[in-house]
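As structure tokens, the structure follows; a few thoughts come after it.
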Amino acid sequence: MKRTHKCNQVTSDLIGQEITISGWIHRRRDHGGVIFFDVRDEDGLVQVVYNPESKDIFSLAETCRNEFVIFSKGVVSERPVGTANDNLVTGEVEIIASDLDILNPSLPIPFQLDEYSPVGEETRLKFRFLDLRRTEMQDNLRLRSKVSTSLRTYLDNEDFIEIETPLLTKATPEGARDYLVPSRTFPGQFFALPQSPQLFKQTLMASGFEKYFQFAKCFRDEDLRADRQPEFTQLDIEMSFVDSKEVMSLITKMIKQVFKETMSVDLGEFVEITYHEAIEKYGVDKPDLRNPLELIEVKELFKECDFKVFNEPANDKDSRIAAIKVPNGKLLTRKQIDDYTEFVGNYGAKGLAYIRVEDPSKGKEGLQSPIIKFIEDSIIESLLSTLEVQEGDIIFFGAGKRSIVNDSLSAFRDLVAKDLDLLTCEWAPCWVVDFPMFEKNRSGDLTPLHHPFTAPNCTTDELKEDPLGALTEAYDIVLNGTELGGGSVRIHDRLMQETVLKLLNINEKEAEEKFGFLIAALQHGCPPHAGLAIGFDRMIMLMTGSDSIRDVIAFPKTQTASCLLTEAPGQAAQEQLEELHIRFHGLEKED
RNA sequence: GGACCGGUAGUUCAGUUUGGUUAGAACGCCGCCCUGUCACGGCGGAGGUCGCGAGUUCGAGUCUCGUCCGGUCCGCCA
């Protein structure tokens with residue numbers, strides 16, 4: 001009962017041959033006197049015909065249902081004139097069955113696998129083994145495999161070696177919440193699952209592996225999003241004796257080649273923009289460059305304006321006033337603008353001022369806006385000339401704290417471009433460079449923009465002098481507004497590493513305890529090194545055009561980080577807990 | 001921690017605004033019929049804890065509160 005052909009191979013070349021196939025009954029059509037099965041395997045579909053002349057086989061075929069796994073033998077025949085199916089590769093032929101075996105029947109499945117029937121997320125995840133049979137999921141996971149193979153081949157050709165690093169490891173100093181694993185042999189102590197292999201890969205550089213990579217599982221116990229899972233895969237890369245330019249050029253080549261090889265897409269030029277420029281023009285450090293809209297700083301114009309909404313931010317150094325000119329914005333209805341106002345409210349913006357340009361030749365008279373009556377004519381004039389407005393434009397304004405204006409307008413920029421279908425191309429990759437070393441968090445403490453092992457491009461003294469002014473050799477690769485990955489030149493000098501840690505309020509003892517091994521490695525001939533990590537799942541998401549990261553992961557978690565298929569997490573047996581020296585406090589045991 | 005959307009038949013949904021007879025549709029499922037279909041077709045049938053728990057009411061799928069589950073977002077994610 002071995003198949004001689006995969007379903008997709010059954011074409012007119014085989015006419016007259018007796019062949020065997022195996023697969024699932026994708027669909028059965030029982031006409032009473034003749035029965036058709038579309039038999040599906042991983043490559044495609046082929047039609048098998050059961051005629052009543054072969055009595056036993058015919059009556060067995062009558063008992064078959066969708067998703068039964070069968071084996072069938074028969075002669076490949078040209079279909080009768082007028083009955084070919086153009087939608088199938090195998091549509092010109094059919095197999096006239098002479099044998100049929102049910103390898104495994106199937107219960108009626110809880111949802112249909114065809115492209116016509118939508119299914120809810122909950123049902124899909126609970127019956128993931130069925131969901132994965134659907135063409136979309138098959139295609140996604142196949143592309144995922146092709147892409148990882150392509151990446152491996154590329155890196156192998158560039159003399160990289162793949163090295164695995166531990167999953168049972170130690171909590172790192174900052175960053176996301178760790179997943180912990182209790183130690184049986186050390187009561188009260190815990191392993192942490194890695195948030196990334198950062199420290200290990202730097203250690204490998206000290207060990208003399210000059211070009212390392214790894215498809216690394218990473219774990220972060222933070223709340224989920226459509227593009228975020230608690231368990232995800234990074235393509236982790238590190239090199240010795242290189243600068244940022246070399247890393248960027250190697251990765252650019254890699255990404256371009258992979259898109260070419262696996263999708264026949266030419267990504268074109270990778271634009272390079274600075275962090276500062278990205279924030280100024282797009283309000284975000286991962287701009288979607290397919291989107292032609294830009295934030296235009298108009299703070300200076302409103303310094304003398306009496307309108308309080310603009311006057312205050314215009315004269316506050318932590319604030320900005322940015323305008324977005326939307327060409328053909330006249331298409332937006334009042335209702336849409338109200339919705340946008342509510343939308344930016346999610347980001348803390350108090351409002352979304354706008355001006356409709358109905359006839360720019362008439363100056364102020366040609367405008368329509370709830371706010372112009374509060375603004376001096378001279379300011380309006382310079383505004384119109386600065387923005388070079390045209391008839392039909394709408395100008396939107398964000399005014400207030402820098403971070404709120406940036407967050408709200410960057411999200412608004414994406415939304416309005418989508419609504420008005422403004423995207424100019426399909427793919428727009430870029431590198432964002434010159435990140436600051438630190439920023440201040442809400443409590444006023446320094447936090448690293450990238451991570452504490454990123455090298456600043458200044459001396460230790462200069463860094464101590466003006467930490468917020470220091471820039472780094474860090475680089476993010478951004479595609480269509482998604483951060484695909486990022487990396488940096490690392491600190492390879494103990495003194496610099498200690499200086500950075502000190503600025504982050506991590507004292508020597510703590511550093512020694514948390515990652516003494518890295519500090520030790522830096523002191524024993526660690527070469528200068530740099531690298532980056534690519535968010536592999538996100539990359540596949542972009543390549544497949546998926547709306548959710550779940551659609552490119554075989555067995556993903558729900559938003560509350562549970563698995564509906566396995567019902568993980570689950571409770572542990574009392575004996576297990578005792579072995580691990582774990583007792584619960586303040587948790588009622590469920591009955 | 002917060003905001004919003006959803007939860008009704010195996011599945012996808014309607015019904016909830018305005019509480020009122022037996023909760024509907026499509027697909028799927030079961031039975032019968034059908035020899036050229038390909039999302040086959042025809043006739044018939046079964047199938048419901050309206051997520052769960054309280055409350056309001058003569059009466060709740062529908063209103064109120066709580067809670068659980070799924071999703072999107074904010075915070076969070078170096």
Side-chain angles (χ1 to χ4, degrees), chain A residues 26-39 45-53 58 65-67 77 79-88 90-91 94 96 107-127 130-131 172-178 195-196 198-199 218-230 232 342-349 404 407-408 411 415 435 437-439 441-442 445-454 472 474 483 486 488 500-501 504 506 533 535 547-548 550 557-560 562 564 567:
Chain A
H26 188 63
R27 214 175 268 286
R28 57 186 267 280
R29 291 177 293 278
D30 184 346
H31 288 239
V34 61
I35 299 171
F36 301 100
F37 288 172
D38 288 339
V39 177
L45 296 174
V46 66
Q47 174 163 283
V48 186
V49 187
Y50 298 86
N51 286 307
E53 289 77 47
F58 186 78
R65 294 293 179 266
N66 286 345
E67 296 305 309
S77 310
R79 292 198 188 186
V81 177
T83 63
N85 183 346
D86 295 341
N87 300 322
L88 294 182
T90 61
E94 59 194 6
I96 309 296
L107 295 171
I109 55 172
F111 55 91
Q112 278 141 277
L113 305 184
D114 57 49
E115 69 260 46
Y116 312 102
S117 317
V119 200
E121 196 70 25
E122 206 170 343
T123 314
R124 289 179 58 193
L125 292 177
K126 187 165 167 196
F127 297 95
L130 297 178
D131 186 43
T172 37
E174 282 180 90
R177 201 175 291 119
D178 286 309
Q195 296 180 23
S196 83
Q198 182 62 33
L199 300 181
C218 305
F219 304 87
R220 294 178 191 176
D221 188 4
E222 296 294 343
D223 287 345
L224 289 82
R225 288 288 188 279
D227 63 351
R228 246 162 53 189
Q229 283 272 309
F232 61 99
E342 195 186 320
F343 176 78
V344 296
N346 294 337
Y347 298 85
I404 291 178
D407 290 352
S408 57
L415 184 62
F435 283 82
M437 180 76 185
F438 301 110
E439 62 185 350
N441 68 12
R442 281 195 195 157
D445 299 326
L446 290 180
T447 59
L449 239 77
H450 192 51
H451 58 53
F453 312 106
T454 302
T472 58
E483 183 192 326
S488 60
V500 169
L501 294 174
L504 292 170
I506 300 173
D547 292 327
S548 164
R550 294 183 299 276
K557 306 277 187 290
T558 66
Q559 189 153 51
T560 50
S562 72
L564 297 182
E567 298 185 324

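Every chain is numbered from 1 and lettered A, B, ... according to where its sequence line falls, protein lines coming before strand lines.
- Between His31(A) and Phe36(A), the two ring planes are perpendicular [angle over 60°; tilted spans 30° to 60°].
- Residue Pro108(A) is the one, among Pro108(A) and Ser562(A), whose nearest nucleotide of RNA chain B lies closer to the 5' end (criterion: closest heavy atom).
- Judged by distance alone, the side chain of Ser408(A) and the main-chain N or O of Ile404(A) form a donor-acceptor pair under 3.5 Å.
- Residue side chain Asn85(A) reaches the base of C38(B) through a donor-acceptor N/O pair under 3.5 Å, judged by distance alone.
- Across U11(B), C76(B), U35(B), the shortest atom-to-atom separation from the side chain of Val34(A) is found for U35(B).
- No contact: Ile35(A) has no heavy atom under 4.0 Å from any strand.
- A donor N or O paired with an acceptor N or O is not found under 3.5 Å between the base of U11(B) and the side-chain atoms of Arg124(A).
- With rounding to whole Å, Asp38(A) atom CG is found 13 Å from G36(B) atom C1'.
- Within the 4.0 angstrom heavy-atom criterion, no nucleotide atom of any strand lies near Ala349(A).
- Gly348(A) comes within 4.0 angstrom of nothing in the nucleic acid, heavy atoms only.
- Within the 4.0 angstrom heavy-atom criterion, only backbone atoms of the sugar-phosphate kind lie near Arg65(A); the bases stay farther away.
- With RNA chain B read from its 5' end, the first of the two nearest nucleotides for Pro118(A) and Gly33(A) is the one closest to Pro118(A).
- Distances shorter than 4.0 Å separate some side-chain N or O of Thr560(A) from OP1 or OP2 on G70(B).
- Between the side chains of Arg27(A) and Gln112(A), no donor-acceptor pair is found at a separation under 3.5 Å.
- For the pair Glu222(A) (side chain) and Arg177(A) (backbone), a donor-acceptor distance under 3.5 Å is present.
- Arg29(A) contributes no side-chain N or O that forms a donor-acceptor pair with the base of C34(B) under 3.5 Å.
- In this structure, His31(A) forms an aromatic stack with the base of C40(B), since both conditions hold: centre separation below 5.5 Å and plane angle below 30°.
- Phosphate contact (OP1/OP2 of A78(B), side-chain N/O of Arg220(A), threshold under 4.0 Å): present.
- Between the CD atom of Gln47(A) and the P atom of C40(B) there is a distance of 11 Å, given to the nearest Å.
- Using a 4.0 Å heavy-atom cutoff across all strands shown, Leu564(A) reaches sugar-phosphate atoms only and no base atom.
- The CD atom of Glu94(A) sits 14 Å away from the P atom of C38(B) (whole-angstrom rounding).
- Residue-level contact check: Arg550(A) touches the backbone only, with heavy atoms under 4.0 Å from sugar-phosphate atoms and none from bases.
- Looking at heavy-atom distances under 4.0 Å, Pro80(A) makes contact with a base.
- The nucleotide whose nearest atom lies closest to any side-chain atom of Gln112(A) is, among C27(B), U12(B), C76(B), C27(B).
- The gap from the C1' atom of G48(B) to that of G7(B) amounts to 14 Å, rounded to the nearest Å.
- Across all strands, Asp223(A) comes closer than 4.0 Å to base atoms (heavy-atom distances).
- Between the base of C77(B) and the side chain of Arg228(A) there is a donor-acceptor pair shorter than 3.5 Å.
- For the pair Val500(A) and Phe438(A), the minimum side-chain heavy-atom distance is below 4.5 Å.
- Applying the 5.5 angstrom centroid cut-off and the 30 degree plane-angle cut-off, the aromatic ring of Phe36(A) is not stacked upon the base of G36(B).
- Ranking C77(B), C38(B), G70(B) by closeness to the Arg79(A) side chain, first place goes to C38(B).
- Checking G36(B), C77(B), U72(B) against every side-chain atom of Thr83(A), the shortest atom distance belongs to G36(B).
- For Tyr347(A), whose side chain is taken as the heavy atoms from C-beta onward, the closest listed nucleotide among C73(B), C69(B), U35(B) is C73(B).
- At distances below 3.5 Å, not a single donor-acceptor pair connects side-chain atoms of Gln229(A) with backbone N or O atoms of Arg550(A).
- Note on Asp221(A): nothing from the nucleic acid sits closer than 4.0 angstrom, heavy atoms only.
- In this structure, the CG atom of Asn346(A) is 12 Å from the P atom of C5(B), given to the nearest Å.
- Relative to the side chain of Asp30(A), the nucleotides U11(B), U35(B), C34(B) differ in distance, and C34(B) lies closest.
- Using a 4.0 Å heavy-atom criterion, one finds that Arg177(A) contacts no nucleic acid atom at all.
- For G75(B), the base has a donor-acceptor partner in the side chain of Arg225(A) [N/O atoms by modelled type, under 3.5 angstrom].
- Among the heavy atoms of the strands, none lies under 4.0 Å from Glu115(A).
- Checking side-chain atoms of Arg28(A) against main-chain N and O of Ile35(A) turns up no donor-acceptor pair under 3.5 Å.
- Residue Glu53(A) is in base contact, counting any heavy-atom pair closer than 4.0 Å across all strands shown.
- One C1' atom belongs to C30(B), the other to A9(B), and the distance between them is 15 Å to the nearest Å.
- Here Glu121(A) lies in heavy-atom contact (under 4.0 Å) with sugar-phosphate atoms only.
- When distances run from any side-chain atom of Ala226(A) to the nucleotides U12(B), C73(B), U35(B), the shortest one goes to C73(B).
- Among the protein residues, Ser196(A) comes within range of the nucleic acid bases, having at least one heavy atom under 4.0 Å from a base atom.
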